[in-house]
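Okay, structure first, notes after.
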Amino acid sequence: MKTFNLLVGGTSKNLPDDWQEYRGEWIGVDRGALNLLKADKQGSIALGDFDSVDSKELDQIEAGFKEVVKLNPIKDDTDTESGVQFVLERDPKAHIRVFGISGGRLDHLLANVLMVLQDRFRMYAEQIELIDRQNNITFYNSGKHTIDKIEGYKYLSFIPLTQIDALTLDDEKYQLHNEMVPNARAFVSNEFIGNKATVYLSNGLVAVIQSKD
């Protein structure tokens with residue numbers, strides 16, 4: 001599975017300290033393209049409507065990337081959605097990491113989380129990972145899943161994006177047994193006991209958030 005890293009717009013203070021160490025092909029989304037250039041991080045593609053950059057900055061982007069994909073500013077998608085769609089059209093099996101998911105703005109965070117509910121993304125939800133300085137968000141459809149604890153993260157939260165008929169988490173401090181979870185009710189489960197957690201889901205889609213203090 002090939003990995004694509006999307007660096008979206010926003011300030012670098014919202015990025016993990018080690019963001020440059022992640023391997024994979026880098027794509028700069030809107031102002032994220034400028035952040036890649038400033039960090040001397042080799043990116044292959046810049047994509048966005050670039051309505052938040054001036055003409056000088058756009059010239060820098062066009063000179064610094066092998067491929068520049070310009071989107072119409074008048075569109076229904078966010079630039080991040082367009083970036084995820086772009087990758088999936090090129091490689092439907094790709095693992096996609098989106099860095100800087102909040103950009104410091106709550107509306108950006110919510111838009112990126114709820115993106116996976118769209119019909120065109122939902123079947124790919126488990127291939128999408130959202131990362132900022134404090135949170136790592138992955139998505140799971142029904143079935144049994146093993147969640148590996150990420151170094152430096154402490155808390156494990158489950159945010160149902162649809163109704164979950166049954167949710168079981170029986171190997172952590174606060175256990176859940178065949179819980180029926182209404183849509184949009186949050187279970188902030190606890191701290192990890194070990195380095196893995198096993199969750200069983202029935203008929204639903206859930207966002208799993210690992211968080212730091």
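Under the 4.5 Å side-chain criterion, counting only non-hydrogen atoms from C-beta, L201 is not in contact with N141. You'll find the side chain of N14 stays beyond 4.5 Å of the side chain of Q134, heavy atoms only. Side chains of I164 and F158 form no contact here, defined as non-hydrogen atoms less than 4.5 Å apart. Inter-residue side-chain proximity for T162 and R122 is flagged as met; some heavy-atom pair is nearer than 4.5 Å. Counting only heavy atoms from C-beta outward, the side chains of R97 and T3 approach each other to under 4.5 Å. Residues D107 and L110 fail the side-chain proximity criterion, which asks for heavy atoms closer than 4.5 Å. Residues L88 and Q127 form a side-chain contact, since some pair of their non-hydrogen atoms from C-beta on lies under 4.5 Å apart. When side chains are defined from C-beta on, I45 counts as touching R90, because their heavy atoms get closer than 4.5 Å.
The shortest non-hydrogen separation linking Q60 to L37 is O-CD1, 3.6 Å. For the pair N135 and Y153, the tightest heavy-atom approach, listed with the atom from each and the gap, is C-CE2, 3.9 Å. When all heavy atoms of L71 and S82 are compared, the pair lying nearest together is CD1-CB, 3.4 Å. The minimum heavy-atom distance linking Q210 with I147 is given by the pair NE2-CG2, 3.7 Å. Smallest separation of non-hydrogen atoms from F65 and G43: CD2-O, 3.5 Å. Nearest approach of N136 to E129, heavy atoms of both residues: ND2-OE2, 2.8 Å.
Ring geometry for W19 against W26 counts as perpendicular: the plane angle is over 60°, on a 0 to 90° scale with 30° as the lower cut.
Rounded to the nearest 0.5 angstrom, M123 CE and L205 CG are separated by 13.5 Å. Going from atom OG of S211 over to atom CD1 of I137 covers 7.5 Å, rounded to the nearest 0.5 Å. If you take CG on L117 and CZ on F139, they are separated by 8.5 Å, rounding to the nearest 0.5 Å. Rounding to the nearest 0.5 Å gives a distance of 10.0 Å between CD1 of I96 and CE of M1. To the nearest 0.5 angstrom, Q85 atom CD is 5.0 Å from F121 atom CZ. Rounded to the nearest 0.5 angstrom, L130 CG and M115 CE are separated by 5.5 Å.
The pair E25-K66 does not meet the salt-bridge criterion, since no charged nitrogen lies less than 4.0 angstrom from a carboxylate oxygen. A salt bridge does not link E89 with R120: every distance from a Lys NZ or Arg NE/NH1/NH2 to an Asp or Glu carboxylate oxygen is 4.0 Å or more.
Although no hydrogens or angles enter the test, the distance criterion places no donor-acceptor pair under 3.5 Å between the side chain of D30 and the main chain of G32. At distances below 3.5 Å, not a single donor-acceptor pair connects side-chain atoms of E62 with backbone N or O atoms of D59.
A continuous path of hydrophobic side-chain contacts links I131 to L7 [ILVMFWY only; heavy atoms under 4.5 Å]. Taking hydrophobic clusters as Ile, Leu, Val, Met, Phe, Trp and Tyr residues chained together by side-chain heavy-atom distances below 4.5 Å, I209 shares a cluster with L114. Cluster membership check: L36 shares its hydrophobic cluster with F50, using side-chain heavy-atom separations under 4.5 Å among Ile, Leu, Val, Met, Phe, Trp and Tyr. Cluster membership for Y124 and F99, using ILVMFWY side-chain heavy atoms within less than 4.5 angstrom, is not shared. Placement of V8 and L47 within a single hydrophobic cluster is found when ILVMFWY residues are connected by side-chain heavy-atom separations under 4.5 Å, directly or transitively.
Under a cut-off of 6.0 angstrom, the local environment of NZ in K70 is sparse, with at most 12 non-hydrogen atoms contributed by other residues, nucleotides or ligands. Within 6.0 Å of CG in D18 there are more than 12 heavy atoms belonging to other residues, nucleotides or ligands. Around CD of E67, the count of heavy atoms belonging to other residues, nucleotides or ligands within 6.0 Å exceeds 12.
Judged as a side chain to side chain donor-acceptor pair (under 3.5 Å), and not counting sequence neighbours, N35 has no contacts.
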